[in-house]
Amino acid sequence: MGFAELLEEAGGFGRYQWLHVTLISLPGLMMASQNLLNNFVSGSPAHHCSLPTNQSSRYNLSHYQVDDKQLLRAFIPMDSSGSRLDRCRRFVEPQWQLLAANSSANVSQIPTEGCLDGWAYDRSEFLSTTVSEWDLVCGLRPLKQMIQTIYMGGVLTGAIVYGGLSDRYGRRSVLIWSYLQLGVLGCSSAFLPSYSTYCAFRFLSGMAVSGVILNGFCLKVEWIPIKQRTLVGTLTSFFFTFGQMILAGLAYWLRDWRKIQLVVCLPQFLFFSYSWWFSESARWLVLNRRSEDALRSLHRVARVNGKKDIEDTLTLEVLHSHMKKEMDLSHSTFTAYDLLRTRQMRRISICLLVVWFATSFAYYGLAMDLQKFGVSIYQIQLIFGAMDFPAKLLALGMLSYLGRRVSQATCLFVSALFIFANILVPADMQTVRTTLACLGKCFTSASFTTVYLYTGELYPTVLRQTGMGFVSTMARVGSMAAPAVLILDEVLPALPSVVYGGAAVIASVFACFLPETLNKPLPDTIEDVEENGSETNLAPLKPEEGVALKEGVVTTEGVALT
């Protein structure tokens with residue numbers, strides 16, 4: 001609580017904190033765009049084989065009263081459903097008899113071939129995408145999903161790389177670099193000529209996204225007093241929600257993948273330009289033997305908050321006396337091995353690994369395949385974004401009245417039910433399918449909100465950040481695996497949904513083995529976790545103590561990583 005007292009003396013949550021939180025949260029509007037960009041940049045327009053060059057001019061078609069769409073029936077067979085033209089095959093020779101009224105020709109015996117002259121794309125929904133530009137269809141269709149998997153691989157790598165660099169060089173410097181990296185590489189991606197270079201730039205952009213999110217979160221939280229963290233975390237999380245809706249509007253307006261890529265990355269230069277105003281975390285400065293710099297930062301914050309007289313009373317001696325506990329704890333060394341070394345810690349970590357993976361896996365499985373619902377992709381993106389509002393309110397109510405364990409297991413299990421239910425709904429019942437998908441995403445979003453808070457309350461203080469980083473890594477693995485699983489629909493259309501829902505069901509079972517933490521004291525050491533392994537050993541807190549402790553951990557990290 002030492003540094004918290006210093007923040008209160010420097011003005012608490014004053015003018016500086018309002019500006020600081022707002023400016024760091026604004027990039028959240030574009031972070032959602034980065035994570036879901038592939039839905040529009042790599043959207044799959046309706047397509048069919050291109051017709052042989054000048055083929056129609058070789059035949060006398062004067063006695064056929066046909067338009068261009070009807071003419072295609074002579075060149076392109078229908079697919080297995082019989083409702084649309086085949087996307088990957090064409091007749092070896094034109095079948096003009098199919099243009100005649102009431103034709104009963106047996107097309108199954110007619111020889112076909114691949115699209116030797118390329119593909120023709122419908123430009124009504126997308127003017128241009130990576131799919132239409134580089135022909136990522138038919139045999140190359142898995143390469144479309146590979147773009148998102150590679151991007152999420154960059155996000156995972158960035159969390160590891162920039163997390164370590166942040167501890168070594170500071171939150172502010174790594175955050176500034178991440179803004180610049182994302183701006184330069186993201187905008188450059190709009191001008192790349194080939195698929196392979198685009199994937200490489202998306203990987204590096206994903207690393208920068210991690211740098212922005214993780215370091216922005218740390219720098220924001222470390223300047224906020226404990227009592228305001230819950231409120232600030234809730235409010236700033238809506239920047240990501242609004243960002244999903246903004247993406248739908250931008251994509252609908254531009255409809256060209258290069259323009260969309262450019263527009264969502266250009267604001268990073270604005271964020272880079274004002275990020276120099278941020279003050280480095282005073283906590284980090286003190287723990288890295290830069291107490292003079294920490295003192296100057298505190299004095300600056302106090303001046304902005306109108307507390308100019310504090311400069312005479314806040315000295316190096318006062319700073320060191322208030323932060324003695326933090327400085328002592330910094331000499332203790334804990335590693336990820338400690339998360340698995342003892343029985344209760346091992347049980348908690350294994351269960352959380354499964355829950356984090358399944359939550360992210362199901363979430364991105366729904367969010368990254370918007371075209372399967374048969375309605376406008378722009379409309380469904382807008383609806384999916386809006387569903388985050390009730391999802392957060394739902395999670396708040398369940399956590400307060402049902403407890404953490406029941407809420408986590410319920411959210412995962414119910415989301416799986418909606419995913420499974422959508423398998424049984426016919427493709428022509430678009431409204432029902434969309435409704436079920438939205439409800440599924442609502443509960444996966446609620447699961448995300450729950451697991452962030454739950455994880456922070458399960459791990460002891462000495463390992464809380466290490467534990468959060470360890471288990472949330474599985475969320476990145478899940479987000480990488482989700483788009484790859486979509487390829488399974490070529491084997492069986494319902495198979496991806498079965499996999500997503502099955503993972504959520506398994507995770508809901510694992511969640512049942514986690515201890516309840518509602519109104520229970522937060523553990524400070526590994527020994528506390530082991531002693532409190534059974535629910536009956538966890539004594540309730542006094543109401544006011546419970547609020548203070550939970551506010552210190554109601555981890556706004558949920559904002560950072562979703």
Side-chain angles (χ1 to χ4, degrees), residues 35-36 145 148-149 152-153 155-156 159 339-340 346-369 384 387-388 391-392 394-395 398-399 402-423 436-459 467-488 494-515 555 557-558 561-562:
N35 286 342
L36 302 174
Q145 306 299 346
Q148 183 68 11
T149 299
M152 285 300 182
V155 174
L156 173 60
L339 299 173
L340 302 170
R346 184 163 52 248
R347 183 182 70 167
I348 289 172
S349 296
I350 292 174
C351 290
L352 286 176
L353 285 172
V354 178
V355 170
W356 275 89
F357 173 85
T359 298
S360 181
F361 186 60
Y363 181 92
Y364 282 101
L366 287 170
M368 293 308 302
D369 193 22
F384 268 25
M387 287 303 296
D388 270 11
K392 295 179 188 300
L394 173 68
M398 293 180 67
L399 288 168
L402 299 180
R404 280 52 164 149
R405 178 171 57 195
V406 174
S407 298
Q408 188 71 74
T410 301
C411 286
L412 285 165
F413 187 75
V414 175
S415 68
L417 291 182
F418 284 119
I419 293 173
F420 287 145
N422 229 344
I423 299 174
L436 291 174
C438 289
L439 291 172
K441 183 177 183 292
C442 180
F443 277 92
T444 54
S445 296
S447 178
F448 247 132
T449 302
T450 302
V451 74
Y452 278 114
L453 171 61
Y454 203 5
T455 302
E457 292 180 340
L458 285 168
Y459 280 127
M468 284 292 299
F470 177 67
V471 296
S472 64
T473 297
M474 291 305 295
R476 298 299 161 224
V477 176
S479 63
M480 289 173 62
V485 170
L486 293 175
I487 301 171
L488 296 177
L495 196 53
S497 296
V498 171
V499 176
Y500 295 136
V505 169
I506 293 172
S508 69
V509 175
F510 274 82
C512 295
F513 291 92
L514 290 169
T555 82
E557 295 166 19
L561 294 175
T562 305

In sequence, state the C-alpha distance, the side-chain angles, and the governing distance for Phe470 and Leu352, and then conclude on side chain to side chain contact (heavy atoms under 4.5 Å, CB included).
CA-CA 10 Å; Phe470 177 67; Leu352 286 176; over 6 Å; no

Looking at every non-hydrogen atom in both residues, tell me the closest pair between [X] and [Y] and how far apart they are.
X	Y	value
Ser407	Leu399	OG-N, 3.6 Å
Asn35	Gln148	O-NE2, 3.0 Å
Phe420	Val505	CE1-CG2, 3.9 Å
Tyr363	Lys441	OH-NZ, 3.5 Å
Ser497	Ile419	O-CG2, 3.3 Å
Cys512	Ala409	SG-CB, 4.0 Å

I need the [X] [atom1] to [Y] [atom2] distance, nearest 0.5 Å.
X	Y	atom1	atom2	answer
Thr450	Leu394	OG1	CG	8.0 Å
Leu353	Phe510	CG	CZ	10.0 Å
Arg404	Met398	CZ	CE	12.0 Å
Ser349	Met474	OG	CE	12.0 Å

Could you tell me whether Phe418 atom CZ has more than 12 heavy atoms of other residues or ligands within 6.0 Å of it?
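Counting neighbours around CZ of Phe418, more than 12 heavy atoms of other residues, nucleotides or ligands fall under 6.0 Å, so yes.
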
One pair to check against side chain to side chain contact (heavy atoms under 4.5 Å, CB included): Tyr454 and Val355. What are the steps and the verdict?
CA-CA 11 Å; Tyr454 203 5; Val355 170; over 6 Å; no

Might you work through the side chain to side chain contact (heavy atoms under 4.5 Å, CB included) test for Tyr459 and Val471, ending with a clear yes or no?
CA-CA 11 Å; Tyr459 280 127; Val471 296; 3.5 Å; yes

Distance-only, no hydrogens or angles: does the Gln408 side chain make a donor-acceptor pair with backbone N or O of Val451 under 3.5 Å?
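Such a contact is found between Gln408 side chain and Val451 backbone.
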
Tell me, please, which residues at least two apart from Phe361 pass ring-ring contact (aromatic ring centres under 6.0 Å, His included).
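Counting only residues at least two positions away or on another chain, Phe361 forms a ring-ring contact (aromatic ring centres under 6.0 Å, His included) with Phe357, Tyr500.
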
Taking only residues at least two apart or on different chains, which pairs with a member in residues 444-456 satisfy salt bridge (charged side-chain N to carboxylate O under 4.0 Å, His left out)?
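Salt bridge (charged side-chain N to carboxylate O under 4.0 Å, His left out) check on residues 444-456 returns no pairs.
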
Are Thr444 and Ser415 linked by a side-chain donor-acceptor pair shorter than 3.5 Å?
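On atom types as modelled, these side chains do not qualify, holding no pair under 3.5 Å.
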
